[in-house]
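Everything on this sheet refers to the single structure shown next.
No experiment lies behind these values; they were computed from the predicted model shown. Read the numbers this way: they start at 1 and go in the same order the structure lists the ligands and their atoms. In this chain, residues are counted from 1 in sequence order.
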Amino acid sequence: MKVIDHLKGSSETLFSFEILPPLKGANIQSIFNGIDPLMEFKPKFINVTYHREEYLYKEKENGLLEKISIRKRPGTVGICAAIMNKYHIDAVPHLICGGFSNEETENALIDLNFLGIDNVLALRGDPIKTESSFKPHLDGHSYASELINQISEMNSGNYLIDDVKMEGTNFCVGAAGYPEKHFESMNMETDLMYLKKKVDAGAEYIVTQMFFDNNKYFSFVEACKKIGINVPIIPGLKPIKTMNHISFLPKFFHIDFPEDLSKELLKCKTNNEVEKVGEEWGIEQSKELMKKKVPCIHYYTMSNSLSVKTIANEIF
Ligand code: FAD
């Protein structure tokens with residue numbers, strides 16, 4: 001079933017979450033171990049992130065450097081199929097522009113279609129570590145809106161070959177939104193303009209970057225409405241768990257902690273204390289979002305579902 005149909009078919013706030021494929025070499029059970037504790041909250045869909053290759057330079061015997069490509073977390077499509085098979089819950093693979101030619105994208109979508117997966121979250125992807133800015137594949141997409149266009153074309157039966165109409169796919173496409181602005185955008189206005197482009201290209205709903213100040217989400221939803229973005233906007237929440245998150249999350253995701261939260265975090269001396277603050281904050285955020293009847297709350301587990309379980313216990 002499509003995410004948009006889940007959203008439209010419910011008068012109550014839905015529960016969903018996102019998982020990361022395990023590091024290469026780990027088995028599928030490690031994924032199920034993260035999902036099982038959250039099943040009691042009846043997730044309607046589970047997102048699976050996509051992780052691009054990274055490049056390492058290894059010195060060869062002759063002293064020259066060899067460029068080696070590695071993917072630490074492969075397996076998005078296989079994990080989605082395993083989730084659908086085991087739990088009979090819709091899986092939403094993330095599909096990115098980075099590293100993909102248009103033809104590889106088409107082939108990935110054909111595979112998903114054959115597997116009965118009819119949802120994708122379409123993203124551009126971040127620059128890889130060795131790039132100072134995002135570099136698209138020579139035959140690939142530069143922006144998520146172009147990827148969404150390609151999926152919409154496939155939904156209409158227009159594949160990359162010739163001018164022949166084929167049987168259309170039936171993907172429901174989601175896109176990313178940034179209540180605190182995407183870090184490369186000149187300002188909020190241009191970011192919203194490009195977000196609208198993704199919706200006009202066919203995105204049927206938006207999932208937000210994590211935020212810790214609900215007012216930023218509420219303002220974002222208002223600003224979207226003002227420029228004619230009328231699709232559901234799903235808030236994304238991340239429970240802070242470790243001392244390391246205190247600096248890592250703002251730096252990596254380009255988000256701010258509100259003052260009340262930072263005051264509490266400053267008092268913490270251990271990971272356990274941070275985890276408690278993160279859970280309490282997540283509960284309060286979720287309660288307020290529920291009160292405002294948001295369509296769904298989407299939790300970023302980042303491979304650790306226990307804090308999400310603690311929050312969901314209080315909310316769902
Ligand atoms: P875009 O919508 O293409 O926007 C990228 C930037 O370009 C923005 O600044 C935008 O304003 C600007 N822009 C857009 N269109 C144009 C245009 N036509 N001309 C000029 N500028 C333009 N990354 C992963 O690698 N894997 C994942 O699984 C993943 N999952 C994510 C899930 C969510 C919910 C979110 C919020 C992010 C996720 N990301 C993931 C991160 C995401 O790939 C990065 O934030 C990336 O930098 C931007 O992706 P996007 O799809 O928002 O890009």
Side-chain angles (χ1 to χ4, degrees), residues 3 16-22 45-54 71-77 79-80 91-100 105 108 112 119-129 131-137 140-151 173-212 216-217 220 223-224 227 229 231-238 249 251-255 295-303:
V3 167
S16 74
F17 60 93
E18 177 169 313
I19 57 168
L20 273 58
F45 51 94
I46 299 173
N47 283 49
V48 184
T49 56
Y50 186 91
H51 297 259
R52 252 190 95 174
E53 74 282 7
E54 291 174 21
R71 269 185 75 201
K72 286 187 183 161
R73 294 179 186 271
T76 303
V77 173
I79 290 169
C80 286
V92 185
H94 292 191
L95 201 61
I96 64 169
C97 305
F100 281 80
T105 296
L112 293 174
N119 292 290
V120 283
L121 190 73
L123 303 140
R124 186 196 69 179
D126 279 325
I128 53 175
K129 277 184 192 150
E131 289 173 350
S132 56
S133 61
F134 178 79
K135 304 261 182 313
H137 187 288
H141 300 305
S142 301
Y143 298 106
S145 55
E146 297 171 2
L147 170 59
I148 297 169
N149 259 324
Q150 183 179 2
I151 305 170
V173 186
Y178 302 83
E180 298 181 56
K181 185 180 95 59
H182 184 262
F183 68 102
E184 291 167 23
S185 260
M186 287 186 282
N187 52 42
M188 198 63 176
E189 286 66 35
T190 50
D191 207 23
L192 287 172
M193 182 180 85
Y194 291 128
L195 180 58
K196 180 149 189 319
K197 211 168 165 185
K198 294 195 268 193
V199 174
D200 292 343
E204 293 184 78
Y205 66 97
I206 292 163
V207 184
T208 76
Q209 182 57 279
M210 67 181 74
F211 58 87
F212 293 87
K216 293 197 170 152
Y217 167 79
F220 177 68
C224 284
I227 62 158
I229 296 175
V231 297
I233 301 179
I234 300 176
L237 298 187
K238 158 89 193 113
L249 296 179
K251 182 176 161 212
F252 193 82
F253 295 102
H254 306 274
I255 43 112
C296 175
I297 307 181
H298 185 73
Y299 294 91
Y300 295 102
T301 66
M302 283 165 105
S303 301

ask   = Is the number of heavy atoms from other residues, nucleotides or ligands within 6.0 Å of NZ (Lys135) greater than 12?
value = yes
query = Which bit of His298 is near ligand 1, meaning a heavy atom under 4.0 Å away: side chain, backbone, both or neither?
reply = neither
key: Top protein contact for atom 3 (O) of ligand 1, by heavy-atom distance   = Ala144 N, 2.8 Å
task = May I ask you to identify, for Lys198, whether its side chain, its backbone, both or neither come under 4.0 Å of ligand 1 on a heavy-atom basis?
result = side chain
note = Between Ala122 and Ile148, the two heavy atoms sitting closest are CB-CG1, 3.6 Å
ask   = Identify the closest protein heavy atom to atom 10 (C) of ligand 1: which residue and atom is it, and at what distance?
value = Asp191 OD1, 3.6 Å
message = Could you tell me, atom by atom, which parts of ligand 1 come under 4.0 Å of a heavy atom of Lys197?
response = 18 (N)
Per-atom contact, atom 21 (N) of ligand 1, protein heavy atoms, under 4.0 angstrom = yes
query = What is the minimum heavy-atom distance between Pro21 and Arg73, and which atoms define it?
reply = O-NH1, 2.8 Å
query = How close does the nearest protein non-hydrogen atom get to atom 30 (N) of ligand 1, and which residue and atom is it?
reply = His94 ND1, 3.0 Å
task = Kindly give the heavy-atom pair with the smallest separation between Val231 and Ala203, and that separation in Å.
result = CG1-O, 3.8 Å
request  = Give the residue and atom name of whichever protein heavy atom lies nearest to atom 46 (C) of ligand 1, and the separation in Å to one decimal.
outcome  = Asp126 OD1, 3.3 Å
inquiry  = Geometry only, no angles: is Ser185 polar-contacting ligand 1 at N/O separations under 3.5 Å?
reply    = yes
note = Heavy-atom closest pair (Phe134 atom, Ser142 atom, distance to 0.1 Å) is CE2-O, 3.7 Å
Side-chain heavy-atom pair Glu204, Val3 within 4.5 angstrom cut-off = no
request  = Heavy-atom contacts with Glu184 under 4.0 Å: which atoms of ligand 1 show up? List them by number with element.
outcome  = 9 (O)
query = Can you tell me how far the CG atom of Leu237 sits from the OH atom of Tyr217, to the nearest 0.5 Å?
reply = 9.5 Å
ask   = Nearest protein heavy atom to atom 23 (N) of ligand 1, by residue and atom, and its distance?
value = Gly125 CA, 4.2 Å
request  = Nearest heavy atom to atom 19 (N) of ligand 1 wins, so pick from Tyr178, Tyr194, Tyr300, Phe253.
outcome  = Tyr194
query = Does the ring center of Phe100 lie less than 6.0 Å from the ring center of Tyr50?
reply = yes
key: Closest protein heavy atom (residue, atom, distance) for atom 35 (C) of ligand 1   = Ala176 CB, 3.7 Å
ask   = Closest non-hydrogen protein atom to atom 24 (C) of ligand 1, residue and atom name please, with distance?
value = Tyr50 O, 3.6 Å
inquiry  = Show me which atoms of ligand 1 lie under 4.0 Å from any heavy atom of Thr49.
reply    = 28 (O)
note = The answer for which part of Leu121 has a heavy atom under 4.0 Å from ligand 1 is side chain
query = Rounded to the nearest 0.5 Å, how far does CG of Leu95 lie from CG of Leu147?
reply = 5.5 Å
inquiry  = Quick check: do Pro93 and Val48 have side-chain heavy atoms less than 4.5 Å from each other?
reply    = no
ask   = Which atoms of ligand 1 are found less than 4.0 Å from any heavy atom of His182?
value = 5 (C), 6 (C), 8 (C), 9 (O), 45 (O), 46 (C), 47 (O), 48 (C)
task = Identify the protein heavy atom lying closest to atom 29 (C) of ligand 1, giving its residue, its atom name and the separation to 0.1 Å.
result = Leu123 CD1, 3.5 Å
query = Within the distance-only criterion (no hydrogens, no angle test), does the side chain of Lys238 pair as donor or acceptor with the backbone N or O of Met302 below 3.5 angstrom?
reply = no
query = Donor-acceptor pair, Thr208 side chain versus Gly177 backbone, under 3.5 Å?
reply = no
remark   = Logged contact type for Arg124 with ligand 1, heavy-atom cut-off 4.0 Å, is both
